[in-house]
Asks: 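Just dropping this structure here.
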Amino acid sequence: MTGSDAAPVGRLHHLIIDCDDPAASAAFWSALLGQPVTYHDHDFAVVSADTTTSGLAFQRAPDRRPPTWPDPAVPQQMHLDVMVDDLAAAAEAVRALGARQLPGDHVFADPDGHPFCLIPRPSWAPPVRPAPAG
């Protein structure tokens with residue numbers, strides 16, 4: 001059996017991201033994704049919808065070398081695609097949160113240097129920011 005026919009072996013808990021300062025990384029991604037920081041201590045922090053939902057986790061890695069993307073000297077290691085309703089507005093918002101622009105279309109780095117891309121919301125996905133009721 002393959003793909004959706006196969007019984008899952010497990011379920012994603014968190015994507016763990018090495019960083020210099022877990023609290024700062026969690027604060028950045030919490031603001032960007034509109035999800036709360038649901039756990040934190042000195043060396044670890046989690047951003048997720050609630051304490052029982054999978055999300056992003058940040059662990060202190062003192063000897064970490066930040067990626068230098070697009071320069072391959074230190075590979076990007078991972079990146080996230082972040083779905084947005086309006087690319088221009090989202091680009092302005094992530095810069096205000098502390099992201100820096102990288103070469104490429106809508107490519108940024110979080111404060112720890114991890115690349116991420118803003119992507120336009122596909123037509124099949126509900127709006128990221130629903131229109132206000134009224």
Side-chain angles (χ1 to χ4, degrees):
M1 295 196 299
T2 60
S4 61
D5 295 336
V9 173
R11 182 174 51 233
L12 179 66
H13 182 52
H14 296 307
L15 171 63
I16 311 296
I17 302 170
D18 287 353
C19 64
D20 298 324
D21 182 344
S25 291
F28 173 85
W29 286 99
S30 171
L32 175 58
L33 300 175
Q35 298 286 317
V37 176
T38 55
Y39 176 84
H40 65 86
D41 65 24
H42 179 70
D43 292 319
F44 198 79
V46 175
V47 174
S48 59
D50 54 50
T51 59
T52 62
T53 303
S54 300
L56 300 177
F58 304 91
Q59 68 182 3
R60 186 176 308 281
D63 296 327
R64 183 186 76 87
R65 291 180 52 211
T68 55
W69 190 92
D71 177 355
V74 181
Q76 67 178 329
Q77 303 155 12
M78 67 94 200
H79 82 268
L80 298 174
D81 284 348
V82 179
M83 179 187 308
V84 300
D85 293 323
D86 179 318
L87 286 169
E92 183 177 324
V94 299
R95 280 190 212 95
L97 292 171
R100 64 183 161 75
Q101 184 99 35
L102 295 175
D105 290 337
H106 309 291
V107 181
F108 295 86
D110 73 8
D112 268 316
H114 298 111
F116 66 96
C117 299
L118 299 178
I119 63 165
R121 178 179 53 82
S123 60
W124 52 261
V128 175
R129 291 180 170 231

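Along the sequence shown, residues are numbered consecutively beginning with 1.
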Asks: Please find the pair of heavy atoms, one from P67 and one from G113, that lie closest to each other, and give the distance.
Replies: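 Reported closest heavy-atom pair: CG-O, 3.3 Å.
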Asks: To the nearest 0.5 angstrom, please state how far the CG atom of D21 sits from the NE2 atom of H42.
Replies: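 So the gap between those two atoms works out to 8.5 Å.
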Asks: For the side chain of R121 and the backbone of V84, is there at least one donor-acceptor N/O pair under 3.5 Å apart?
Replies: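 Between the backbone of V84 and the side chain of R121 there is no qualifying donor-acceptor contact (under 3.5 Å).
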Asks: Spell out, yes or no, whether L118 and W69 are grouped together once hydrophobic residues are joined by side-chain heavy atoms under 4.5 Å, including indirect joins.
Replies: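 Cluster IDs for L118 and W69 differ.
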Asks: Looking at S30 and V47, would you say the former's side chain and the latter's main chain have a donor-acceptor pair under 3.5 Å?
Replies: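 No.
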Asks: Report the C-alpha separation of L80 and L56 in whole Å, then their side-chain angles, then the decisive distance to 0.1 Å, and conclude whether the side-chain contact (heavy atoms from CB on, under 4.5 Å) test is met.
Replies: CA-CA 10 Å; L80 298 174; L56 300 177; 3.7 Å; yes
Asks: Minimum heavy-atom separation for Q101 and R95, please, with both atom names.
Replies: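 Nearest heavy atoms, Q101 then R95: OE1-NH2, 2.8 Å.
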Asks: Assign the ring pair W29 / F58 to parallel, tilted or perpendicular, where the plane angle (0 to 90°) is split at 30° and 60°.
Replies: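 Because their plane-to-plane angle is under 30°, the rings of W29 and F58 count as parallel.
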Asks: Determine the minimum heavy-atom distance between A57 and F44, stating which atoms define it.
Replies: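 Scanning both residues completely, I find the closest heavy atoms to be CB-CZ, 3.5 Å.
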Asks: I'd like to know if the side chain of D85 reaches the main chain of V128, judged simply by a donor and an acceptor atom lying under 3.5 Å from each other, with no hydrogens or angles considered.
Replies: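 Yes, because the side chain of D85 sits within donor-acceptor range (under 3.5 Å) of the backbone of V128.
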Asks: Test of understanding: clusters of I, L, V, M, F, W, Y form through side-chain heavy atoms closer than 4.5 Å, transitively. Do I16 and L33 belong to the same one?
Replies: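 The answer is no; the residues belong to distinct hydrophobic clusters.
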Asks: Does V82 share a hydrophobic cluster with L87, counting links as ILVMFWY side-chain heavy atoms below 4.5 Å and allowing steps through other members?
Replies: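 Looking at the clustering, L87 is in the same group as V82.
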Asks: Would a distance-only check, ignoring hydrogens and angles, find a side-chain to backbone donor-acceptor pair under 3.5 Å from H106 to C117?
Replies: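 Answer holds: no.
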Asks: Minimum heavy-atom separation for R65 and V74, please, with both atom names.
Replies: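 R65 and V74 have their closest heavy atoms at NH2-CG2, 2.9 Å.
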Asks: Does a donor on one side chain sit under 3.5 Å from an acceptor on the other, for T53 and S48?
Replies: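 Checked: T53/S48 side chains show no N/O donor-acceptor pair below 3.5 Å.
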Asks: Looking only at non-hydrogen atoms, find the nearest pair between P111 and G98 and report the distance.
Replies: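 That closest heavy-atom pairing would be CG-O, 4.0 Å.
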Asks: Less than 4.5 Å apart, any side-chain heavy atom of L32 and any of F116?
Replies: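 Yes. Closest side-chain heavy atoms under 4.5 Å.
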Asks: Measuring from atom OG of S25 to atom CG of D20, what distance do you get when rounded to the nearest 0.5 angstrom?
Replies: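 So the gap between those two atoms works out to 7.5 Å.
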Asks: Surrounding CG of D50 (heavy atoms of other residues, nucleotides or ligands, distance under 6.0 Å), is the total greater than 12?
Replies: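 Counting neighbours around CG of D50, more than 12 heavy atoms of other residues, nucleotides or ligands fall under 6.0 Å, so yes.
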Asks: Assigning hydrophobic clusters by single linkage (Ile, Leu, Val, Met, Phe, Trp, Tyr; side-chain heavy-atom cutoff under 4.5 Å), is I17 placed with F108?
Replies: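 Same hydrophobic cluster.
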Asks: Mind checking side-chain hydrogen bond (donor to acceptor under 3.5 Å, both in side chains) for D81 and listing every partner two or more places apart, or none if nothing turns up?
Replies: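 Listed in chain order: H79.
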Asks: How close do D18 and Q59 get, heavy atom to heavy atom, and via which atoms?
Replies: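 Where D18 meets Q59 most closely, the heavy atoms are OD1-NE2, 2.6 Å.
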Asks: Quick one: do R64 and D112 satisfy side-chain contact (heavy atoms from CB on, under 4.5 Å)? Show the steps, please.
Replies: CA-CA 10 Å; R64 183 186 76 87; D112 268 316; 3.4 Å; yes
